[in-house]
Structures are given as C-alpha cells and as structure tokens.
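Report on one structure; see the data block that follows.
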Amino acid sequence: MFEYEGMQTAAALLSPGPEGATGPDAPARPDAPARPGGRSGAARPTRRVDHLGDARAALERITALRSRVSEMEAPRVDVQGLPTADALQSLLPGGAIRVGGSYAVQESVLLAMTMLQAASAEGAWCAVVGVPSFGVEAAAAMGIDLERLVLVPDPGDQWLTVTAALADVAQIVLARPLGRVVPGDVSRLSARLRQRGGALVALGAWPGADVTLRVSDSVWTGIGDGHGYLAERRATVTASGRAGAGRPVSADLLLPAADGAVRPAAPLVARAGGTDTGAPGSVGSAVADGAGVSRVLRPVAVAS
C-alpha cells in the first residue's frame with residue numbers, strides 16, 4: 001500500500017484488463033511520469049464507475065430475493081380448504097371453503113353465520129365486521145367458539161381497513177361492505193387472505209366472489225289459524241359461481257330447524273291426490289279452512 005500509493009476497492013482489484021491491474025507486476029503506462037527518487041512505474045489506474053449498471057444489478061438481486069421470500073410465504077399447494085357445515089358442502093366447490101377465496105351471502109345473517117360454524121368448532125379464529133345484528137347467543141348455540149370470535153359491529157368508513165387488518169389474525173372474516181369496493185382493494189385483500197390462509201364471507205354483493213349464496217325460496221312452519229309461532233324454516237339455497245360460470249346449484253335446508261340448528265331438509269312427500277307444497281300450517285302452503293277454501297298463511301315480517 002505504501003509503495004504503490006494507496007489502496008484499491010475490491011471491485012477495482014477484481015476488474016479484468018491492464019487498466020484494473022495493480023501491484024508490482026502491473027504494466028507501466030508509456031506516458032507515466034517518473035517517480036521521485038529515480039524510480040519509474042505505472043501511475044495509479046483510474047476506473048470508470050458504472051453507477052447505472054451497479055443499480056440495475058442491485059435491483060435484480062433485490063427482485064430475486066423478494067421472489068424467494070414470496071414463494072416461502074405463499075400457501076402450499078396441498079393446503080386443504082377450511083371446513084364448512086355439512087348442510088353447505090353440496091353448495092361449495094370441493095365441499096369446503098377455499099383458502100384465499102371470497103364468498104357472498106345475500107341478505108341472510110343466519111346463512112352467513114353457518115359459513116363460520118364448522119371452522120370455528122375446529123379451533124379457527126373468526127371475525128365479524130360491520131354486522132351489528134350478529135347474534136352472539138345464536139352463534140354460541142350453533143357451535144361457534146366465542147373465545148375465538150372478534151366482533152367489530154360498527155367500523156364506520158374504515159370497514160375495509162379493519163377487514164384487511166383482521167385477515168392477518170382470523171381464518172374467516174365475515175364483513176358487510178359499507179361502501180364502494182374497487183378492484184384494487186379486492187385484489188390486495190385476496191392476496192392477503194392467500195398469504196395468511198384465510199377466506200372472506202361478504203354479507204351482500206362482493207366483486208369477483210367465488211360463490212354467491214342466496215335464499216331463493218322459504219316456508220315457515222308453526223303458524224296456525226290465529227295461533228302458533230314460527231318454529232322452523234325450510235329454505236331453498238342457491239349457489240352460483242363467479243360471473244355466472246357453471247350452472248347454479250340448489251339445496252333444501254332447515255334454516256333454522258326447530259332446535260336452532262341448520263341441517264339438510266328431508267325431501268317432501270307427495271300427498272295422495274296432489275303434491276305437497278309444505279307442511280300443514282306452514283307459511284307458503286295451502287291450508288283449507290272449514291269451508292274448504294285454501295288460504296296461504298304468511299308472517300308479516302321475519303328476520304333472517
């Protein structure tokens with residue numbers, strides 16, 4: 001170092017060619033001035049620094065590193081879907097809730113609650129955002145673990161931010177969209193759900209939902225002619241795929257049954273002399289009065 005006047009960077013020492021060579025064996029430049037003391041030798045070579053090339057190389061290394069980290073964080077291809085209730089298995093592709101998937105449930109809180117039941121019973125964390133009518137007692141009766149349930153009844157205009165934050169800790173997030181949802185928000189939330197191994201259940205419309213569930217028809221039992229109370233609802237639930245892909249699939253469910261559970265409904269049995277449209281005294285079924293006139297009994301209002 002002292003003899004040849006200074007040190008070179010590692011990049012300069014590794015650079016090929018005469019211009020990057022240093023040391024006592026380096027060739028001398030013809031026009032190099034003589035050193036003091038009568039010694040002659042090569043002057044310290046100069047190297048043009050390619051800042052743009054170095055920046056590109058660094059960017060390529062960072063991009064490759066990020067790609068490796070993403071591959072390590074991405075869910076494995078053999079990850080099974082999240083479990084769901086037996087009553088809904090025939091309505092969902094694969095009979096389970098897909099990791100990273102989004103599902104839209106139209107207007108029925110009880111049906112949306114059923115989407116959480118099986119996963120919660122197996123120890124998964126669930127979150128409910130923007131659904132103040134979500135009944136805690138009804139959830140407990142269905143088997144949802146309240147110790148692993150996070151409720152945010154009124155997130156205000158920050159509902160999407162709250163939903164995305166809860167996707168980091170809950171495997172299933174039930175949220176009611178409270179504002180306009182743009183495609184960019186949907187993509188970012190879907191990516192987070194895939195990375196965390198969770199799924200979204202939207203109470204209402206959701207852009208690009210994998211499956212949309214809606215109650216297409218229902219009848220209640222328990223109401224008589226001026227007496228009785230609502231005891232059980234037989235509902236037809238229809239599932240349609242993304243953007244109408246595939247044929248809709250329907251199933252008859254007890255939503256709820258007399259004991260409060262949700263289960264598949266038994267097939268209707270045809271009556272002698274005609275077809276049965278429902279159990280005797282049910283809402284939507286024909287009931288004959290003393291004069292032999294058929295009437296249809298329906299409740300004034302029923303909360304789903």
Side-chain angles (χ1 to χ4, degrees), residues 73-75 79-89 91-92 96-182 184-213 255-256 260-262 303-304:
E73 290 183 346
V79 171
Q80 298 296 322
L82 300 172
T84 190
D86 295 340
L88 301 180
Q89 289 183 0
L91 298 172
L92 303 179
I97 298 175
R98 184 178 65 85
V99 170
S102 57
Y103 301 82
V105 177
Q106 300 291 337
E107 299 178 353
S108 177
V109 176
L110 182 58
L111 183 58
M113 188 183 298
T114 307
M115 294 282 289
L116 278 60
Q117 183 266 331
S120 177
E122 293 194 6
W125 278 86
C126 299
V128 182
V129 181
V131 189
S133 59
F134 188 90
V136 176
E137 292 184 1
M142 291 184 63
I144 295 178
D145 187 359
L146 301 184
E147 295 293 332
R148 291 183 172 86
L149 179 65
V150 180
L151 297 177
V152 186
D154 186 15
D157 57 358
Q158 299 297 316
W159 70 271
L160 188 57
T161 302
V162 174
T163 300
L166 289 175
D168 290 338
V169 296
Q171 289 182 275
I172 301 183
V173 180
L174 168 60
R176 184 196 298 272
L178 300 176
R180 180 172 176 266
V181 183
V182 299
D185 295 333
V186 174
S187 299
R188 285 188 290 271
L189 182 57
S190 297
R192 179 169 293 189
L193 291 170
R194 287 193 298 270
Q195 290 178 356
R196 303 302 182 184
L200 173 72
V201 177
L203 187 59
W206 186 260
D210 295 321
V211 178
T212 298
L213 302 175
L255 189 72
V262 177
S304 60

Gap between atom OG1 of Thr84 and atom CD of Gln89 - 0.5 Å precision = 7.0 Å

Stepwise side-chain contact (heavy atoms from CB on, under 4.5 Å) check, Val150 with Val128 = CA-CA 6 Å; Val150 180; Val128 182; over 6 Å; no

List the steps and the verdict of side-chain contact (heavy atoms from CB on, under 4.5 Å) for Val181 and Trp159.
-> CA-CA 11 Å; Val181 183; Trp159 70 271; 3.6 Å; yes

For residues Thr114 and Ala85, report the shortest heavy-atom separation together with the two atoms involved.
-> CG2-CB, 3.7 Å

Check Leu203 against Ala112 and note the closest heavy-atom contact, atom names and distance.
-> CD1-CB, 4.0 Å

Smallest heavy-atom separation, Ala104 atom then Gly204 atom, equals CB-O, 3.3 Å

Sub-3.5 Å donor-acceptor pair from the side chain of Arg196 to the main-chain atoms of Val169, do we have one?
-> no

Please round to the nearest 0.5 Å and tell me the distance separating atom CD1 of Ile172 and atom CG of Leu116.
-> 5.0 Å

Go through the steps for Leu88 and Leu111 under the test side-chain contact (heavy atoms from CB on, under 4.5 Å), then give the verdict.
-> CA-CA 9 Å; Leu88 301 180; Leu111 183 58; 3.9 Å; yes

Here the pair of heavy atoms bringing Ala167 nearest to Leu193 is CB-CD2, 3.7 Å

CE on Met113 to CG on Leu255, rounded to 0.5 Å | 10.5 Å

Separation between OH of Tyr103 and CG of Leu200, rounded to the nearest 0.5 Å | 10.5 Å

Taking all heavy atoms of Ala170 and all of Val173, pick out the closest pair and write down the distance.
-> CB-CG2, 4.1 Å

Do Pro83 and Ile97 have side chains that get closer than 4.5 Å, going by heavy atoms?
-> no

Value rounded to 0.5 Å, distance of OG1 in Thr163 from CZ in Arg176 | 12.5 Å

Gln171 vs Trp125 side-chain heavy atoms within contact, under 4.5 Å = no

Under 4.5 Å between any side-chain heavy atoms of Val105 and Trp206, yes or no?
-> no

Smallest separation among heavy atoms of Leu91 and Leu213, with atom names = CB-CD2, 4.2 Å

To the nearest 0.5 angstrom, please state how far the OG atom of Ser120 sits from the CG atom of Leu146.
-> 8.0 Å

Side-chain heavy-atom pair Asp168, Arg192 within 4.5 angstrom cut-off | yes

Could you go through the side-chain contact (heavy atoms from CB on, under 4.5 Å) check for Val129 and Leu174 one step at a time?
-> CA-CA 6 Å; Val129 181; Leu174 168 60; over 6 Å; no

